[in-house]
S.K.: 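To start, I am sharing the structure in question, which I have written as structure tokens.
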Amino acid sequence: MSESASKSRTSSDPGLIASEYRRFVVVISGPSGAGKSSFVKELLRRYPSDLVYSVSATTRARRPHEAEGRDYFYLSRDEFRRRIDADEFVEWAEVHGEWYGTLRSQTDRVLQSGRNVLLDIDVQGGRSVRKIYKDGVFIFVLPPSLADLEGRLRARGTDSEDRIRLRLENARREVALVREYDYAVVNDDLEAATRKVAAIIEAETCRASRRANENR
Ligand code: ADP
Ligand code: 5GP
């Protein structure tokens, strides 16, 4: 576009050029050990003002390196049930024998503040969220292989042998649902895979259908 055309369009309709894009939820799912937490950490580092992590509630025990309110809100089953009854969850599900849920207070607060909200939730949660946030972006993270997945779970050293077995069994079922997602990213190299996820989010942000105030 020539400079004069650009200038005249800007002066005749500044609203069109300055129009903002509506914010959306980004759902990251994938088997335990695929690298979801690693992605989330890296994405938040890259986009500190655009992307906010939705901290879930869970009944599972806190891992040594985790912090209350940063990684999860750790609740007893009674407290979790009380919050279900009070309709505080966007969705909740039983995953690997524990309860996990997305808090309405987390997602609404972020979207209202004009930022995207990042959810690390399982495939059941992904299905529920798609019904509620229809313009969300759904990304499935795959390990290079199930053998790699097992190696990563063991190297992470946060789960007992029984829990690792359960997570591997569930992984087979979860991977079969990859086609329910918009994107599938193989986490072979963390840096390369994070770049792909970042590119997906940037491209999705520019969707014409997300432009707000187009007719003002
Ligand atoms: P999830 O959140 O999906 O359960 P994590 O992010 O905790 O997975 O990753 C599981 C383990 O694998 C961690 O110890 C992490 O450091 C490691 N990991 C993540 N991505 C890679 C990768 N591309 N190559 C090798 N190890 C990885
Ligand atoms: P972890 O115990 O390894 O942190 O998480 C186990 C699984 O629970 C992962 O697949 C993670 O995506 C999922 N999860 C974490 N928070 C939520 C949530 O709020 N809702 C649902 N449905 N799944 C969650």
Side-chain angles (χ1 to χ4, degrees), residues 25-45 53-75 80 83-84 88-107 110 117-133 136 138-160 162-164 166-175 177-178 180-181 184-197:
V25 302
V26 178
V27 170
I28 301 208
S29 298
S32 184
K36 300 180 297 297
S37 309
S38 309
F39 272 128
V40 165
K41 210 165 137 195
E42 192 49 31
L43 289 168
L44 295 174
R45 196 183 63 74
Y53 183 59
S54 161
V55 181
S56 293
T58 183
T59 59
R60 90 146 157 74
R62 188 175 65 78
R63 293 175 184 151
H65 64 282
E66 292 180 341
E68 164 76 24
R70 185 193 65 191
D71 298 284
Y72 283 106
F73 297 106
Y74 302 89
L75 306 180
F80 200 103
R83 292 184 186 228
I84 295 171
E88 289 186 25
F89 291 111
V90 172
E91 62 77 34
W92 72 275
E94 184 168 338
V95 189
H96 313 315
E98 299 288 352
W99 296 348
Y100 295 82
T102 304
L103 290 157
R104 224 175 271 291
S105 57
Q106 294 281 308
T107 51
V110 175
V117 60
L118 189 59
L119 271 58
D120 168 350
I121 59 175
D122 88 314
V123 288
Q124 306 168 76
R127 277 182 185 158
S128 305
V129 168
R130 200 190 269 282
K131 287 186 198 140
I132 299 163
Y133 296 106
F138 295 77
I139 304 171
F140 198 92
V141 182
L142 287 158
S145 69
L146 286 173
D148 280 293
L149 190 70
E150 183 168 357
R152 285 181 195 175
L153 283 174
R154 288 193 199 290
R156 190 170 68 181
T158 53
D159 297 282
S160 65
D162 281 354
R163 283 182 176 273
I164 289 178
L166 178 63
R167 283 169 186 249
L168 287 171
E169 266 170 41
N170 291 339
R172 290 173 208 282
R173 273 197 297 275
E174 287 162 345
V175 167
L177 300 176
V178 61
E180 293 186 13
Y181 282 69
V185 174
V186 177
N187 177 19
D188 38 12
D189 172 74
L190 185 60
E191 167 58 28
T194 308
R195 255 201 328 269
K196 288 179 193 166
V197 175

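Just so you know, ligand 1 is whichever comes first in the structure, and atom 1 is the first atom listed for that ligand. Computed over heavy atoms, backbone and side chain alike; hydrogens, waters and symmetry mates excluded.
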S.K.: Looking only at N/O atoms, are S38 and ligand 1 under 3.5 Å apart anywhere?
M.R.: yes

S.K.: When you measure from atom 16 (N) of ligand 2 to every protein heavy atom, which one gives the shortest distance, and what is it?
M.R.: S56 OG, 3.2 Å

S.K.: Checking a contact table here: which protein heavy atom is nearest atom 9 (C) of ligand 2, and how many Å away?
M.R.: K36 CE, 4.0 Å

S.K.: Using atom types as modelled and distance alone, determine if a side-chain donor or acceptor of T102 lies under 3.5 Å from a backbone N or O of S56.
M.R.: no

S.K.: Would you say K36's side chain and G30's backbone share a donor-acceptor pair under 3.5 angstrom?
M.R.: yes

S.K.: Any atom of ligand 2 sitting under 4.0 Å from a heavy atom of R63?
M.R.: yes

S.K.: Determine, considering heavy atoms only, which of Q124, R167, E91, E174 sits nearest to atom 3 (O) of ligand 2.
M.R.: R167

S.K.: Within the 3.5 Å criterion, strictly below it, is a donor on R173 or N170 matched to an acceptor on the partner's side chain?
M.R.: yes

S.K.: Just which atoms of ligand 2 are under 4.0 Å from any heavy atom in R60?
M.R.: 1 (P), 2 (O), 4 (O)

S.K.: Which atom pair, heavy atoms only, marks the closest approach of V123 to S29?
M.R.: N-OG, 4.3 Å

S.K.: When L153 is tested against each of S32, P31, P143 for side chain to side chain contact (heavy atoms under 4.5 Å, CB included), which residue passes?
M.R.: S32

S.K.: Could you tell me whether G101 and ligand 2 have an N or O pair separated by under 3.5 Å?
M.R.: yes

S.K.: For ligand 2, which atoms sit closer than 4.0 Å to a heavy atom of G125?
M.R.: 22 (N)

S.K.: Taking it one step at a time, do V90 and Y133 satisfy side chain to side chain contact (heavy atoms under 4.5 Å, CB included)?
M.R.: CA-CA 10 Å; V90 172; Y133 296 106; 4.1 Å; yes

S.K.: Is T158 close to E66 at the side-chain level, that is, under 4.5 Å between some pair of heavy atoms?
M.R.: no

S.K.: As an exercise, identify every atom of ligand 2 less than 4.0 angstrom from a heavy atom of A93.
M.R.: 22 (N)

S.K.: Yes or no: does A34 have any heavy atom under 4.0 Å from an atom of ligand 1?
M.R.: yes

S.K.: Quick one: does P31 get a heavy atom under 4.0 Å from ligand 1?
M.R.: yes

S.K.: Give the residue and atom name of whichever protein heavy atom lies nearest to atom 13 (C) of ligand 2, and the separation in Å to one decimal.
M.R.: D122 N, 3.8 Å

S.K.: Should Y53 and L43 count as side-chain neighbours, where that means a heavy-atom distance under 4.5 Å?
M.R.: no

S.K.: Which is closest to atom 14 (O) of ligand 1 in terms of heavy atoms, K41, R156, E191, K36?
M.R.: R156

S.K.: Please answer whether the main-chain N or O of V141 pairs with a side-chain N or O of N187 as donor and acceptor at a distance below 3.5 Å.
M.R.: no

S.K.: Examine G33 against ligand 1 and note whether any of their N/O atoms are separated by less than 3.5 Å.
M.R.: yes

S.K.: What residue and heavy atom of the protein are closest to atom 4 (O) of ligand 2, and at what distance?
M.R.: Y72 OH, 2.6 Å

S.K.: Just to confirm my output: which protein heavy-atom neighbour is closest to atom 12 (O) of ligand 2, and how far is it?
M.R.: D120 OD1, 2.7 Å

S.K.: Report the relative orientation of the aromatic rings in F80 and F89; use parallel for angles under 30°, tilted for 30 to 60°, perpendicular for over 60°.
M.R.: parallel

S.K.: How far is atom 6 (C) of ligand 2 from its nearest protein heavy atom, and which residue and atom is that?
M.R.: Y100 OH, 3.5 Å

S.K.: Checking the side chain of E68 only, and the main-chain atoms of Y74 only, is there a donor and an acceptor separated by less than 3.5 Å?
M.R.: yes

